[in-house]
Amino acid sequence: MPRSVVTGGAGFLGSHLCERLLSEGHGVVAIDNFLTGTPANVKAFKTHPKFTLVRHDVTEEIHIPGKVDFVLHFASAASPTDYAKFGIQTLKANALGTHKTLGLAKAKKARYVLASTSEVYGDPEVNPQPESYWGHVDPVGPRSVYDEGKRFAEAMAMAYHHRHGMDVRIARLFNTYGPRLRLDDGRVIPNFIGEVLRGEPLTVYGDGRQTRSFCYVDDTIEGVWRLLVADRVEGPVNLGNPDERSVNDIAHLVQKIAGRHVGVVHHPLPPGDPKVRCPDITKARALLGWEPKVSLEDGLRRTIDTFRERIEGQT
Ligand code: UDP
């Protein structure tokens, strides 16, 4: 039985990843310090005989008895609101946490997957962004704790690859959404869904013409799985949905799908907010035979349904 260690295993992406690995027959050890993750995220499979959840901070040394075949480092705050609040923890999870998880993978002779981000491209001057684009990042800007943390993590993973011949794979994940995102996560889709369900106008930052490309979580996880099991991968791979939309489009769609018109209010654009973002997924298509399958409309419908259940469950 293959055995995987997933850091951030009680987070949004991490918990979906653990669930997928279990369904593929892996034994899974999830590590989380519950800074932004929660045990509630693993409720559906907590009692699975091949699943273990360990409370631990990945910036400290990690001890896992027995064999480990795969280490997947998914521990990090990921929403701009969270990493503004937990800046130092975010840098530590990506610097020290990447070092510790690479050390674990090296000791266990395990394959390593790093959850990196489209934020390594910063406020891009090239759209869509191919993996060969070096990015446009402000090293002291409000997003630098995350952007530079992930850039350091990529550099560290590559250094272990070159120095120790380790098999490392870097997933550059673009905006992902779906069930288990926290209602107070601060990202645009959970914010808009929470607002529409409460009957409040949607808060659009700036003029709403900035763009993002949203990938439904099942598609993202399928891409990560394929990246994990592919025979050979050189360099980072973009995983995201190239369906680029403006924030105004998202506001319109969320209201349409929720069946409720609430309008929008404009708030100032946060400093450092990228103007465009869209993945070039040529490499993932060629190497992994992967592309997203779930349309934004379908993904939003599924996400709104689960948020509605959660909000109704709270009352
Ligand atoms: N945004 C918005 N209203 C919100 C939250 C975010 O208009 O309530 C905008 C934000 O300014 C950005 C886009 O939506 O341009 C995506 O923001 P998010 O925080 O989801 O992720 P990012 O891609 O910026 O990391």
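Note that ligands are numbered from 1 as they come in the structure, with each ligand's atoms numbered from 1 the same way. Because the structure is a prediction, the values reported are computed rather than measured.
Every atom of ligand 1 with a heavy atom of Glu119 under 4.0 Å away is listed here by number and element: 25 (O). Atoms of ligand 1 lying under 4.0 Å from at least one heavy atom of Arg277, given by number and element, are 22 (P), 23 (O), 25 (O). The contact set between ligand 1 and Gln210, taken as ligand atoms under 4.0 Å from a residue heavy atom, comprises 9 (C), 11 (O), 15 (O).
Using a 4.0 Å cut-off between a side-chain N of Lys or Arg and a carboxylate O of Asp or Glu, Arg20 and Glu24 qualify as a salt bridge.
Looking from atom 8 (O) of ligand 1 to the surrounding protein, the closest heavy atom is Asn191 ND2, 2.8 Å. When only non-hydrogen protein atoms are considered, atom 11 (O) of ligand 1 lies nearest to Asp273 OD2, 2.6 Å. In terms of protein heavy-atom proximity, atom 1 (N) of ligand 1 is nearest to Tyr205 CD1, 3.4 Å. The protein non-hydrogen atom at the shortest distance from atom 21 (O) of ligand 1 is Asn175 ND2, 3.6 Å. For atom 13 (C) of ligand 1, the nearest protein heavy atom (residue, atom name, distance) is Val247 CG2, 3.7 Å.
Contact analysis puts Pro80 in contact with ligand 1, with a non-hydrogen atom separation below 4.0 angstrom. At least one heavy atom of Gly186 sits closer than 4.0 Å to an atom of ligand 1.
Residues Ile311 and Val196 fall within the same hydrophobic cluster, defined by Ile, Leu, Val, Met, Phe, Trp and Tyr side chains chained together at heavy-atom separations under 4.5 Å.
Comparing Thr203, Val204, Asn248 by heavy-atom distance to atom 4 (C) of ligand 1, the nearest is Thr203. The closest heavy-atom contact to atom 24 (O) of ligand 1, among the options Glu195, Arg143, Arg187, Lys275, comes from Arg143.
Checking side-chain atoms of Thr7 against main-chain N and O of Phe74 turns up a donor-acceptor pair under 3.5 Å. In this structure a side-chain-to-backbone donor-acceptor pair under 3.5 Å is missing from Asp138 to Ser144. Between the side chain of His73 and the main chain of Tyr112, no donor-acceptor pair closer than 3.5 Å is present.
Using bins of under 30°, 30° to 60° and over 60° for the plane-to-plane angle, the ring pair Tyr216/Tyr177 lands in the perpendicular bin.
Between Phe214 and ligand 1, no pair of N/O atoms sits closer than 3.5 Å.
Of the candidates Leu91, Thr81, Leu35, Val145, Phe86 forms a side-chain contact (heavy atoms from CB on, under 4.5 Å) with just one, namely Leu35. Of the candidates Pro128, Pro292, Ser213, Pro292 is the only one forming a side-chain contact (heavy atoms from CB on, under 4.5 Å) with Pro242. Of the candidates Arg212, Arg151, Arg277, Glu119 forms a salt bridge (charged side-chain N to carboxylate O under 4.0 Å, His left out) with just one, namely Arg277.
Contact annotation: for His267 versus ligand 1, there are no heavy atoms closer than 4.0 Å. Residue contacts with ligand 1 for Val188 involve both N, CA, C or O and side-chain atoms from C-beta outward (heavy atoms, distance under 4.0 Å).
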**Request:** Would you check, one step at a time, whether the test side-chain contact (heavy atoms from CB on, under 4.5 Å) holds for Phe70 with Val6?
**Result:** CA-CA 8 Å; Phe70 302 102; Val6 179; over 6 Å; no
